[in-house]
Visitor: 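The structure follows.
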Amino acid sequence: MERLQPAPQRRPWIVGVSGASGTPYAASVIRALLRAGEPVDLVISRAARLTLLDETGISFRDAHWRADLVRWLARGADGSADAFADEVRRLAVESADEAPGKNADVRYWTAGDLAAGPSSGSYPAQGMIIVPASTAGVAGVALGLSKDLLQRAASVTLKERRPLIVALRESPLTGQTLRHLVTLDEAGAVVLPASPAFYAGATHIQELVDFVAGRALDAAGVPHALYRRWEGELGGARDSHRAG
């Protein structure tokens, strides 16, 4: 009797978006994950919805999350249309003929759903990226509060020894927050401040955003082409721009 082969298991990256300013960082990370062929489980905190509305004018609605996600990912940091817009429409929306979320490129879980897949260690996931991460979110994860799905999923990621990248975007930092960040580092998380560099030769705001997103993906081990890497040549970025 022929043995049936199990279907390939979906193993997404969980992307948590907290209420800190910096929703363009999250959009860049999600776009790059989709470009790399990586499925995404998306968790957006209640505070993040307000930040997204403030920074983009987009109201993220549970009942219409697919359409709202497409609108969000299809725009650049300066409000212009992103070159990835057409691919977003194809990748971010579940096919009508498949079971909801079964093999979708993107699944969305509400922040209040503590029975969601990412709340359990048995749920197959590659790891989690919190981008942007607020100081309140950092505190909740460091203290193990699990007050919403974002914090719970991060705690699960740590206990399962999966990669957790925390892209903090707040300034200045208090001593308490610094202690929370040390706690996360000691627990195995990668603390990655949303601090863009300029050696890559950025001339547009989206390039600065993509640098931070790219560093988060570097920490996750996901291939991308979001920024020009340092090659040991002083002025290399300027020369590259002049040659272009």
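In what follows, residues are counted from 1 in the order of the sequence shown.
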Visitor: Among the clusters formed by ILVMFWY side chains lying less than 4.5 Å apart, do Ile14 and Val191 turn up in the same one?
Guide: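 Linked, Ile14 and Val191 end up in one cluster.
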
Visitor: Would Ile165 and Ile130 show up in the same hydrophobic cluster when neighbours are defined by side-chain heavy atoms closer than 4.5 Å?
Guide: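 Unlinked, Ile165 and Ile130 end up in two clusters.
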
Visitor: Check whether any side-chain heavy atom of Arg10 sits under 4.5 Å from a side-chain heavy atom of Pro124, and report yes or no.
Guide: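 Of all side-chain heavy-atom pairs linking Pro124 with Arg10, none is under 4.5 Å.
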
Visitor: State plainly whether the residues Asp218 and Arg229 are in salt-bridge range, i.e. N to O under 4.0 Å.
Guide: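 So Asp218 pairs with Arg229 through a salt bridge.
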
Visitor: Is there a path from Val43 to Leu73 through hydrophobic residues (I, L, V, M, F, W, Y) whose side chains come within less than 4.5 Å of each other?
Guide: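 They do not share one cluster, since no chain of ILVMFWY contacts under 4.5 Å joins Val43 to Leu73.
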
Visitor: Restricting to ring-ring contact (aromatic ring centres under 6.0 Å, His included), what partner residues turn up for Tyr25, sequence neighbours left out?
Guide: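 Tyr25 satisfies ring-ring contact (aromatic ring centres under 6.0 Å, His included) with no residue once adjacent residues are dropped.
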
Visitor: Nearest 0.5 angstrom please: Leu217 CG to His224 NE2, how far?
Guide: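 NE2 of His224 is found 5.5 Å from CG of Leu217.
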
Visitor: Considering only heavy atoms from C-beta outward, does the side chain of Asp105 approach that of Pro39 to under 4.5 Å?
Guide: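 Heavy-atom side-chain distance check fails, nothing below 4.5 Å.
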
Visitor: Working to the nearest 0.5 angstrom, can you tell me the gap between Thr110 OG1 and Asp148 CG?
Guide: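 Going from OG1 on Thr110 over to CG on Asp148, the span is 10.0 Å.
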
Visitor: Output yes when a side-chain donor or acceptor of Arg179 lies under 3.5 Å from a complementary backbone atom of Thr174, and no otherwise.
Guide: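 No.
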
Visitor: Measure across Ala202 and Leu208 and return the closest heavy-atom pair with its distance rounded to 0.1 Å.
Guide: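 Nearest heavy atoms, Ala202 then Leu208: CB-CD2, 3.6 Å.
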
Visitor: For Phe60, which of Thr23, Asp68, Leu50, Leu53 qualifies under side chain to side chain contact (heavy atoms under 4.5 Å, CB included)?
Guide: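 The side chain to side chain contact (heavy atoms under 4.5 Å, CB included) with Phe60 is passed solely by Asp68 among Thr23, Asp68, Leu50, Leu53.
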
Visitor: Does one hydrophobic cluster hold both Val17 and Leu184, with members joined at side-chain heavy-atom distances below 4.5 Å?
Guide: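 Different clusters.
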
Visitor: Quick one: does any side-chain atom of Glu186 pair with a main-chain N or O of Thr183 as donor and acceptor, under 3.5 Å?
Guide: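 The answer is no, because no donor-acceptor pair under 3.5 Å joins these two groups.
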
Visitor: Taking atom types as modelled, find out whether Asp41 and Trp109 have a side-chain donor-acceptor pair closer than 3.5 angstrom.
Guide: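 There is such a pair between these side chains.
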
Visitor: Taking the side chain from Arg31 and the backbone from Ala26, do they hold a donor-acceptor pair closer than 3.5 Å?
Guide: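 Not confirmed, Arg31 side chain does not pair with Ala26 backbone.
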
Visitor: Looking at every heavy atom in both Pro196 and Ala194, which two are closest together, and how far apart are they?
Guide: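 Answer, listing the atom of Pro196 first, then Ala194: CD-O, 3.6 Å.
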
Visitor: Before accepting this row, confirm whether a basic side-chain N of the pair Arg228/Asp210 lies closer than 4.0 Å to the acidic partner's carboxylate O.
Guide: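 Answer for the salt bridge query: no.
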
Visitor: What's the separation between atom OG in Ser119 and atom CG in Leu150, rounded to the nearest 0.5 Å?
Guide: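 Here the interatomic distance stands at 12.5 Å.
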
Visitor: Nearest 0.5 Å, please: how far is CD1 in Ile44 from CG in Leu149?
Guide: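 CD1 of Ile44 is found 11.5 Å from CG of Leu149.
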
Visitor: Checking Glu38 side chain against Leu34 main chain: does a donor-acceptor pair fall under 3.5 Å?
Guide: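 Not a single qualifying donor-acceptor pair exists.
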
Visitor: Answer yes or no: is there a side-chain heavy-atom contact under 4.5 Å between Val190 and Val166?
Guide: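 Answer no - side chains too far apart.
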
Visitor: Indicate yes or no for a side-chain donor-acceptor contact from Thr177 to the backbone of Leu173 under 3.5 Å, with no hydrogens or angles considered.
Guide: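 No: the side chain of Thr177 does not pair with the backbone of Leu173.
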
Visitor: With a 4.5 Å heavy-atom cut-off, do Arg215 and Leu226 have their side chains touching?
Guide: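 In short, these two side chains do not touch, never coming nearer than 4.5 Å.
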
Visitor: Could you grab the distance from atom CZ of Arg169 to atom OG1 of Thr51, nearest 0.5 Å is fine?
Guide: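 Reported to 0.5 Å precision, the distance equals 10.0 Å.
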
Visitor: List the steps, then state whether side-chain contact (heavy atoms from CB on, under 4.5 Å) holds for Leu42 with Arg107.
Guide: CA-CA 6 Å; Leu42 181 62; Arg107 292 187 70 178; over 6 Å; no

Visitor: Quick check: is Val131 connected to Leu192 through a chain of hydrophobic side chains (ILVMFWY, heavy atoms under 4.5 Å apart)?
Guide: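 Leu192 clusters together with Val131.
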
Visitor: Side-chain contact test, heavy atoms from C-beta onward, threshold under 4.5 Å: evaluate it for Val222 versus Trp13 and give yes or no.
Guide: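 A side-chain contact under 4.5 Å exists here.
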
Visitor: Name the orientation class of the two ring planes belonging to Tyr199 and Trp230 (parallel below 30°, tilted from 30 to 60°, perpendicular beyond 60°).
Guide: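 Tyr199 vs Trp230 ring planes: perpendicular.
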
Visitor: So, does Gln206 use its side chain to make a donor-acceptor pair with the main chain of Gly76 at under 3.5 Å?
Guide: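 Such a contact is absent between Gln206 side chain and Gly76 backbone.
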
Visitor: Is there a donor-acceptor pair closer than 3.5 Å between any side-chain N or O of Ser155 and the backbone N or O of Ser146?
Guide: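 No, Ser155 side chain to Ser146 backbone: no donor-acceptor pair under 3.5 Å.
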
Visitor: Please report the interatomic distance CG(Leu164) to CD1(Ile129), rounded to the nearest 0.5 Å.
Guide: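 Reported to 0.5 Å precision, the distance equals 9.5 Å.
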
Visitor: Side chains of Ser28 and Phe211, heavy atoms from C-beta outward: is any pair under 4.5 Å?
Guide: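 They are not in side-chain contact.
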
Visitor: Test your reading of the model: is there a side-chain donor-acceptor pair from Thr56 to the backbone of Leu52, 3.5 Å cut-off?
Guide: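 Checked: pair present.
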
Visitor: Would you confirm whether Gln151, through its side chain, and Lys147, through its main-chain N or O, come within 3.5 Å as a donor-acceptor pair?
Guide: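 Looks like yes, one N/O pair under 3.5 Å.
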
Visitor: Just by distance, with hydrogens left out, do Ser21 and Glu55 show a side-chain donor and acceptor under 3.5 Å apart?
Guide: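 Short answer, yes.
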
Visitor: Any sub-3.5 Å donor-acceptor pair from Ser18's side-chain atoms to Pro132's backbone N or O?
Guide: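 Here the side-chain-to-backbone pair exists.
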
